[in-house]
Amino acid sequence: MKPLDHLEHLDKHLVDELAQVARETVRDELREQTRKQRRKAALYAASGALALYAGAALALAVGLALALGLPGWAAALITAVVLGALAYVLRGMARPSRPGTDRAAGMAPGGDSARQTAAGAVGGMPYPPVPPAPSVPPAESAAPGPVPPRPTDAPDVPRRGA
């Protein structure tokens, strides 16, 4: 028996214990962070629900104010159109804007402008160049089989008679 064999067991035990302490520490830290994030998320949810009710009350007030001078159905219709327009504008504001949209400039979608837009989305690197088509036709033996004869009639012209 070697003189250091009994220390190998101690080293393994020490490493296992250290790993266990590290796991518990990380677990406790994650629990604390998730507890804070859960509380924050609940407060945001409650805030959103109250804002929804406040918006509904405001829409009702606008509708009732319009109903003083208009029939009820017209006031409700006007309120709905105003709310729909606001929703459309807010949705447009929430979408990410593209710097230098090419469609507004009249560029064709699929030309060089689309390549530049895609290159900007992938870290600014352009696409690799496309290799040129071979100028020499492939060998006859590389063809998959005999080519059928070309029809004498145009395929899109209907045949009449026999």
Side-chain angles (χ1 to χ4, degrees), residues 15-135 137-138 144-145 147-148 150-162:
V15 168
D16 289 343
E17 189 175 332
L18 185 62
Q20 180 68 25
V21 168
R23 277 193 296 266
E24 289 173 4
T25 305
V26 168
R27 188 178 303 135
D28 291 342
E29 184 69 28
L30 287 175
R31 278 188 188 143
E32 183 65 28
Q33 287 179 358
T34 55
R35 187 177 301 126
K36 288 178 184 176
Q37 289 174 350
R38 256 187 269 142
R39 183 173 183 268
K40 208 182 274 189
L43 290 173
Y44 273 119
S47 170
L50 290 176
L52 180 67
Y53 284 117
L58 180 65
L60 179 65
V62 168
L64 290 175
L66 287 173
L68 293 175
L70 297 171
W73 65 268
L77 184 63
I78 291 171
T79 305
V81 167
V82 168
L83 289 175
L86 283 174
Y88 184 77
V89 168
L90 289 175
R91 185 188 75 171
M93 289 173 57
R95 288 186 176 171
S97 63
R98 296 181 195 162
T101 54
D102 295 329
R103 290 193 181 113
M107 299 285 288
D112 197 35
S113 63
R115 180 176 290 172
Q116 289 172 353
T117 304
V122 186
M125 295 298 294
Y127 289 121
V130 178
S135 59
V147 178
R150 188 170 219 163
T152 57
D153 303 274
D156 54 347
V157 178
R159 297 174 119 189
R160 292 189 184 177

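In what follows, every heavy atom counts, from backbone to side chain, and hydrogens, waters and symmetry copies are set aside.
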*Would you call Arg35-Glu32 a salt bridge at under 4.0 Å N-O?*
yes
*How long is the gap from CD on Glu29 to OG1 on Thr34, to the nearest 0.5 Å?*
10.0 Å
*Nearest 0.5 Å please: distance from the CG atom of Leu30 over to the OG1 atom of Thr25.*
11.0 Å
*Check Gly63 against Ala75 and note the closest heavy-atom contact, atom names and distance.*
O-CB, 3.4 Å
_Thr79 side, atom OG1; Leu66 side, atom CG - distance, nearest 0.5 Å_ = 5.0 Å
*Dump the intermediate steps for side chain to side chain contact (heavy atoms under 4.5 Å, CB included) on Val62 and Val82, then the final yes or no.*
CA-CA 10 Å; Val62 168; Val82 168; over 6 Å; no
_Pairwise distance CD(Glu17) to CD(Gln20) - rounded to 0.5 angstrom_ = 9.0 Å
